[in-house]
Amino acid sequence: MTDAAPPQYKGPQRVFSGMQPTNGLHLGNYLGALQKFVRLQDQYECIYCIVDLHAITTGPDPKELANRSREVAAAYVAAGVDPKRSTIFIQSAVREHSELAWVFNCVARMGWLERMTQFKDKAGSHAERSSVGLFAYPVLQAADILLYKATHVPVGEDQKQHLELSRDIAAKFNKDYNAPNFFPLPEPLIQGPGARIMSLREGTKKMSKSDPSDMTRINMTDDADAILQKIKKATTDSLPVPESKEGLAGRAEVENLVGIFAAVTERTVEDILTEFGGKGFGVFKPALAEALAAKLSPIAAEMRRLNADPGALDAILKYGADKARAVAQPIMAEVRDVVGFWRAG
Ligand code: TYM
């Protein structure tokens, strides 16, 4: 866990994070973010969003979108986010996200966004044919966080650059509008072996929803048998599991599996290597598959139960949207004053 927000900022400490409702969640989403969401509830006021405004940058089927959003809410709750203690809501239900994003579009600089590697990856060689929304995606992400003046943001490593941009936008807003410390500079919470989960087939590619092969990832809804098959087929080499961290150098796939084992059991990498060092993957892989199934199966069962009751999920989401608005609207009202928008006298 990193230090608190810079001491100059005097507002409350608050956690915000979000996930896109696209194509089901995988182990990277769970270990990189969701598992941390659950833990942070003991320490902070937490706000967890399902970012459907971000999802439309890649054109999901409108008939599916609302259900996909409900499914992410079900995953949050099934993993242990408590909808009473924390706030769970859908981004498009709180219109101030879009309003603040526009203000930030006028703060962020083109050059800052042109450097975003995720845009380059997503747009490929067709940047000029990409939507403006895809380009401005990280500005909306900054608005998500700062609409709640959040001080801490648990995310996977792939979001690091977007979080740096959020800090830059906060700092520039504070400076341009001569409003020192109006927004905090949000701290990313990225540490731990779960922060960068790689493909099961290629240790240099991140585990991702968009990979065409399902064998590259563990889905949160995979059953024990599917998990075992995928882990058995995961790429490794012919050497045994190393006995120390140095022995992981140059063995990206092995490092990934050991990191997954550590993250899912909430143990250290050293601890896993002490137990399995010198043993073959014929021993390591079934133990890893078992640990994964032990963690994910109860969550998947709870997700199925929740998904069968969309009415109950909607009640959670309405309650969450009301709570989110109660924080967001006064902050947006302050922003409107700082920017100088008209207000009836
Ligand atoms: P998204 O939906 O792609 O991913 C959700 C979370 O999962 C993490 N993650 C991973 N962590 C470790 N290893 C992986 N292979 C892996 N793949 C995904 C992501 O880092 C993320 O934490 N832009 C964000 C959503 C967002 C957001 C926000 C996050 C919108 N507004 C405000 C934080 C705060 C995204 O696309 O996440």
Side-chain angles (χ1 to χ4, degrees), residues 14-37 40 46-58 60 68-69 71-72 75-76 79 87 89-92 94 97-98 100-101 104 116-119 121-122 133-134 136-167 169-170 186-211 216-220 252 255-256 259-260 262-264 324 328:
R14 193 174 274 151
V15 165
F16 182 96
S17 196
M19 291 199 191
Q20 292 196 64
T22 33
N23 283 337
L25 302 182
H26 56 73
L27 186 65
N29 300 129
Y30 179 69
L31 296 177
L34 191 44
Q35 195 177 43
K36 291 186 209 154
F37 292 6
L40 286 163
C46 296
I47 303 178
Y48 298 126
C49 186
I50 295 135
V51 296
D52 58 349
L53 297 173
H54 280 103
I56 65 167
T57 57
T58 50
R68 293 258 185 259
S69 295
E71 281 165 19
V72 177
Y76 283 4
T87 299
F89 75 104
I90 296 187
Q91 189 185 29
S92 64
V94 179
H97 286 256
S98 306
L100 185 58
F104 284 172
M116 294 293 115
T117 55
Q118 211 162 76
F119 173 73
D121 290 347
K122 285 193 185 168
L134 189 67
Y137 177 115
V139 178
L140 176 60
Q141 182 160 346
D144 296 340
I145 298 164
L146 295 166
L147 183 57
Y148 302 88
K149 295 192 175 178
T151 50
H152 297 78
V153 186
V155 281
E157 171 94 32
D158 61 344
Q159 295 300 313
K160 195 167 177 229
Q161 198 186 30
H162 287 170
L163 263 291
E164 280 158 12
L165 185 88
S166 298
R167 292 169 63 89
I169 289 175
E187 290 280 340
L189 302 175
I190 302 188
Q191 306 77 348
R196 194 170 156 74
I197 303 296
M198 310 310 282
S199 154
L200 297 177
R201 291 305 179 89
E202 251 178 278
T204 50
K205 252 171 87 178
K206 77 169 179 178
M207 185 178 284
S208 150
K209 303 175 225 211
S210 54
D211 196 301
T216 60
R217 66 184 158 258
I218 306 280
N219 303 304
M220 281 187 69
E255 187 174 14
N256 186 39
I260 290 175
V264 82

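Just so you know, these numbers use all the heavy atoms, side chains as well, and skip hydrogens, waters and symmetry mates. All ligand and atom numbering here is 1-based and tracks the order in the structure. Being a predicted model, the structure only gives us computed values, none of them experimental.
Ring centroids of F16 and H152 are separated by 6.0 Å or more, keeping the two rings apart.
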**Item:** H54/Q141 under side-chain hydrogen bond (donor to acceptor under 3.5 Å, both in side chains): CA gap, chis, key distance, verdict
**Value:** CA-CA 8 Å; H54 280 103; Q141 182 160 346; 4.8 Å; no
**Request:** Begin from the C-alpha positions of D211 and K205 and carry the test salt bridge (charged side-chain N to carboxylate O under 4.0 Å, His left out) through to its verdict.
**Result:** CA-CA 10 Å; D211 196 301; K205 252 171 87 178; 3.2 Å; yes
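For D144 and H97, the side-chain atoms include at least one donor-acceptor pair closer than 3.5 Å.
Between E71 and R68 there is a salt bridge, since at least one side-chain N of the basic residue sits less than 4.0 Å from a carboxylate O of the acidic one.
Contact shell of ligand 1 (protein heavy atoms, cutoff 4.0 Å): F16, S17, G18, M19, Q20, H26, G28, N29, G32, A33, V51, H54, Y137, Q141, D144, I145, V153, V155, G156, D158, Q159, G194, A195, R196, I197, M207, K209.
A distance-only check finds no donor-acceptor pair linking the side chain of Q20 to the backbone of V51 [under 3.5 Å].
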